[in-house]
Protein chains: 2
Amino acid sequence: MEQRIDRIKKQLHSQSYKLTPQREATVRVLLENEKDHLSAEDVYLLVKEKAPEIGLATVYRTLELLNELEVVDKINFGDGVSRYDLRKEGADHFHHHLVCIECGSVDEIQEDLLGEVEKIVENDWRFKIKDHRLTFHGICYRCHEKQDTGEESGSEVKEMN
Amino acid sequence: MEQRIDRIKKQLHSQSYKLTPQREATVRVLLENEKDHLSAEDVYLLVKEKAPEIGLATVYRTLELLNELEVVDKINFGDGVSRYDLRKEGADHFHHHLVCIECGSVDEIQEDLLGEVEKIVENDWRFKIKDHRLTFHGICYRCHEKQDTGEESGSEVKEMN
DNA sequence: GTAGGTGCAAAGCCTTTGCAGCAGG
DNA sequence: CCTGCTGCAAAGGCTTTGCACCTAC
């Protein structure tokens with residue numbers, strides 16, 4: 001974790017940005033919640049616990065900056081808010097999402113499932129792929145199990161991570 | 001075109017909605033611009049040419065309704081606006097997008113490229129897929145040709161529809 | 001006459017921006 | 001000082017909602 005912060009710090013410095021306390025707090029929140037897909041508001045609330053004086057605008061500005069530096073990906077599941085997802089270091093961004101329409105959970109698939117598909121697209125459509133977004137909507141295994149055991153579904157779920 | 005409108009009309013009636021003149025004008029705009037990915041505002045401006053008195057709110061409400069009826073898909077390319085894409089009739093929604101980061105064009109791939117991938121997801125993650133979104137970001141063949149001046153254009157590009 | 005649909009304007013949300021103050025070189 | 005960064009509040013942009021009127025059965 002410290003190493004990662006250090007690397008992000010260097011990355012910032014290399015483009016003459018600073019790792020201010022607010023930025024560091026924001027990055028830490030992202031690292032600590034790496035599995036989640038936090039909205040700016042979510043990040044804000046979590047950062048406030050560490051740095052109560054921070055403003056929402058700063059969080060937005062920091063997230064925007066991290067997005068430009070390709071430290072995070074800004075993603076959108078169609079629910080009206082942007083979410084921010086830490087990139088795996090070094091990896092040419094390759095991860096997909098499973099969004100449960102029952103409980104709203106979002107799981108990640110790190111594995112690259114699109115190798116073949118990308119070859120087809122690049123050849124048949126002569127399209128030079130730089131990035132992709134793949135999201136499946138459906139029912140996650142947890143909700144599946146709930147239904148199979150006759151349990152009530154849905155209304156109480158909070159966090160699935 | 002008339003047949004399609006007729007079917008949409010029946011679909012509306014079957015759920016006791018009406019195909020009002022405003023709704024019909026909106027649907028016609030969508031049919032006439034099937035290849036595009038219009039925003040609500042785009043649709044509004046086009047509909048206004050046929051039915052100048054229509055309000056933006058009605059367009060939003062109509063698009064929302066058509067989305068619920070699965071006549072259109074509401075999609076989002078991360079540029080801050082929702083876009084509306086007519087579904088191919090009968091098809092279990094399967095189409096993907098190629099978004100050019102150079103010129104902003106959006107091409108569609110109707111072909112289902114995810115058959116194998118979906119099997120893997122359903123088996124390995126026990127996730128029951130209901131829908132998916134697949135978008136590639138990169139450089140389209142048109143921009144490619146523009147850049148590589150004097151390139152031999154050997155292979156044919158596949159039909160986009 | 002009842003229910004659904006419409007236009008307009010207002011309100012809602014998420015996000016961005018303007019600005020004065022602040023911090024570190 | 002100068003530059004970059006911050007917090008606050010205001011403004012923006014897209015979308016939804018409230019409401020009175022209208023229209024079709």
Side-chain angles (χ1 to χ4, degrees), chain A residues 8-29 37-69 71-85, chain B residues 8-29 37-69 71-85:
Chain A
I8 291 170
K9 186 174 184 176
K10 289 202 181 96
Q11 211 179 334
L12 284 164
H13 285 166
S14 77
Q15 316 209 13
S16 47
Y17 293 117
K18 296 170 193 164
L19 185 63
T20 64
Q22 290 92 332
R23 287 181 183 165
E24 182 171 337
T26 304
V27 170
R28 281 183 190 279
V29 163
H37 300 80
L38 303 174
S39 67
E41 183 87 31
D42 295 336
V43 174
Y44 174 59
L45 293 173
L46 290 166
V47 174
K48 253 182 125 69
E49 294 171 9
K50 298 174 191 278
E53 73 297 345
I54 200 172
L56 181 53
T58 300
V59 172
Y60 271 104
R61 284 187 281 232
T62 301
L63 291 171
E64 180 60 30
L65 180 59
L66 294 174
N67 186 49
E68 274 163 29
L69 295 179
V71 172
V72 301
D73 281 316
K74 191 173 181 177
I75 52 181
N76 195 307
F77 296 130
D79 59 349
V81 294
S82 292
R83 295 174 182 282
Y84 298 85
D85 206 0
Chain B
I8 291 169
K9 185 174 185 175
K10 290 201 181 97
Q11 210 180 335
L12 284 163
H13 285 166
S14 77
Q15 315 207 16
S16 47
Y17 293 116
K18 296 169 194 165
L19 184 64
T20 64
Q22 290 92 333
R23 286 180 184 165
E24 184 172 335
T26 304
V27 171
R28 281 184 189 279
V29 163
H37 299 80
L38 303 174
S39 67
E41 184 88 28
D42 295 336
V43 174
Y44 173 59
L45 293 174
L46 289 167
V47 174
K48 253 182 126 67
E49 293 173 9
K50 298 172 190 280
E53 74 296 345
I54 200 171
L56 181 54
T58 299
V59 171
Y60 271 104
R61 283 186 282 234
T62 301
L63 291 171
E64 180 60 30
L65 180 60
L66 293 174
N67 186 49
E68 273 163 30
L69 294 180
V71 173
V72 301
D73 281 317
K74 190 173 180 175
I75 52 182
N76 196 308
F77 296 130
D79 59 350
V81 294
S82 293
R83 296 175 181 281
Y84 299 84
D85 206 0

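Just so you know, these numbers use all the heavy atoms, side chains as well, and skip hydrogens, waters and symmetry mates. Predicted, not measured: the structure shown is a model, and the values here were computed from it.
Among the nucleotides dG4(C), dG7(D), dT6(C), the one closest to any side-chain atom of Q22(A) is dG7(D). When distances are taken from the side chain of E64(B) to each of dG7(C), dC5(D), dT16(D), the shortest belongs to dT16(D). Side-chain proximity of R61(B) to dC5(D), dT17(C), dC8(C): nearest is dC8(C). With distances taken from any side-chain atom of R23(A) to the nucleotides dC5(D), dG7(C), dG18(C), the minimum falls on dC5(D). For K18(A), whose side chain is taken as the heavy atoms from C-beta onward, the closest listed nucleotide among dC14(D), dT15(C), dG4(D) is dG4(D). Listed nucleotides: dT17(C), dT15(D), dC5(D). Nearest to the side chain of A57(A): dT17(C). Considering only side-chain atoms of Y60(B), the nucleotide from dT15(C), dG7(C), dT15(D) that sits closest is dT15(D).
Salt-bridge annotation for E64(A) and K74(A): present, with a side-chain N of the basic residue lying under 4.0 Å from a carboxylate O of the acidic one.
A straight line from CD1 of I75(A) to C1' of dC14(C) spans 16 Å, rounded to a whole angstrom. Separating the CD atom of Q15(B) from the P atom of dA3(C) is a distance of 19 Å, rounded to the nearest angstrom. Atom CG of D79(A) and atom P of dT16(D) are 13 Å apart (whole Å). Atom CD in E24(A) sits about 12 Å away from atom P in dT6(D), given to the nearest Å. Atom CG in L56(A) sits roughly 9 Å away from atom P in dT15(C) (whole-Å rounding). Atom CG in L12(B) sits about 20 Å away from atom P in dA3(C), given to the nearest Å. In this structure, NE2 of H13(A) is placed 13 Å from C1' of dG25(C), rounded to the nearest angstrom. Rounded to whole Å, atom P of dC14(C) lies 15 Å from atom CG of L38(A).
E41(B) comes within 4.0 angstrom of nothing in the nucleic acid, heavy atoms only.
Side-chain contact between T26(A) and I54(A): present, with at least one pair of heavy atoms (C-beta onward) separated by less than 4.5 Å. The shortest distance between side-chain heavy atoms of V29(A) and L38(A) falls below 4.5 Å.
At the phosphate of dG7(C), OP1 or OP2 sits under 4.0 Å from a side-chain N or O atom of T58(B). Phosphate contact (OP1/OP2 of dT6(D), side-chain N/O of T20(A), threshold under 4.0 Å): present. Between S82(B) and dT15(D) there is a side-chain N or O to OP1 or OP2 distance below 4.0 Å.
Take the nearest nucleotide of DNA chain D for S39(B) and for I54(A): the residue whose nucleotide is more 5' is I54(A).
Annotation: the span from K18(B) atom NZ to K9(B) atom NZ amounts to 12.5 Å, rounded to 0.5 Å.
Residue F77(B) places its CZ atom among more than 12 non-hydrogen atoms of other residues, nucleotides or ligands, all under 6.0 Å distant.
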